[in-house]
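A short write-up of the structure that comes next.
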Amino acid sequence: MAHLGAVVLHHVRCHPLKGQAVDAPSRRTILTGAAAGLAAVAGCTKYGEPQATPAPAPADTVLGPTADIPVGGGKIFAPQQVVVTQPVQGTFKAFTSICTHQSCPVASVADGTINCDCHGSKYALEDGSVQGGPAPRPLAPKQITVSGGSITLT
């Protein structure tokens, strides 16, 4: 709406003619300015912008058995917003499952990467680093413990 005020002020101060018909902005001037202001505000909102983030999973949440995590692959635990990978036999890593590009949840762990289908970002199984796509940062690491064949988010 600040744009609307600027349009009206410009019209009143800068118009070469003076008088009641010119000094008062027309309905068209006001509506055009309002439409431009609304278009500017609407243009700031983009599909896929971050939404309100749910509360993180509580500490000591059991995610599942290590047997569910394939070597050279991983598994997404959507409710906890975590992806667990096993880049090499017996080594487990965990990262947030929310893409750093536009906060979409990652969709799969396949072909040696963690993949976001929204815009094609790919992350490394070993450290969550960006391997492709528009993602600006790596996936943030999460703390897990592996004990007795079970993975726990800590």
Which heavy atom of [X] sits nearest to which heavy atom of [Y], and what is that distance?
| X | Y | answer |
| --- | --- | --- |
| Val83 | Thr96 | CG1-O, 3.9 Å |
| Val71 | Val88 | CG1-C, 4.1 Å |
| Pro134 | Ser121 | CD-OG, 3.3 Å |
| Ala124 | Asp127 | CB-OD1, 3.4 Å |
| Ala107 | Asp117 | CB-OD2, 3.3 Å |
| Ile144 | Leu63 | CG2-CD1, 4.3 Å |

Would the distance check show the side chain of Gln131 and the main-chain N or O of Lys122 forming a donor-acceptor pair, the cut-off being under 3.5 Å?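 Flag not set: sc Gln131 to bb Lys122 has no pair under 3.5 Å.
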Is a donor on one side and an acceptor on the other found under 3.5 Å between the side chain of Thr91 and the backbone of Gln86?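 No, Thr91 side chain to Gln86 backbone: no donor-acceptor pair under 3.5 Å.
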If I take atom [atom1] from residue [X] and atom [atom2] from residue [Y], how far apart are they, to the nearest 0.5 angstrom?
| X | Y | atom1 | atom2 | answer |
| --- | --- | --- | --- | --- |
| Leu139 | Thr85 | CG | OG1 | 10.0 Å |
| Gln81 | Ser103 | CD | OG | 9.5 Å |
| Lys93 | Ile69 | NZ | CD1 | 14.5 Å |
| Gln80 | Lys142 | CD | NZ | 10.5 Å |

Going through the checks in order, is the side chain to side chain contact (heavy atoms under 4.5 Å, CB included) test met by His119 and Gln102? CA-CA 9 Å; His119 302 101; Gln102 288 194 344; 3.4 Å; yes
Any heavy-atom pair between the side chains of [Y] and [X] that's under 4.5 Å?
| X | Y | answer |
| --- | --- | --- |
| Ile98 | Val106 | no |
| Ile114 | Leu125 | yes |
| Thr152 | Ser147 | no |
| Val130 | Tyr123 | yes |

Result of checking Val84, Val82, Thr145, Asp60 against Leu153 for side chain to side chain contact (heavy atoms under 4.5 Å, CB included):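 Of all the options given, the one that passes is Val82.
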Give yes when the SG atoms of Cys99 and Cys116 are nearer than 2.5 Å, otherwise give no.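 Answer is no, sulfur atoms not closer than 2.5 Å.
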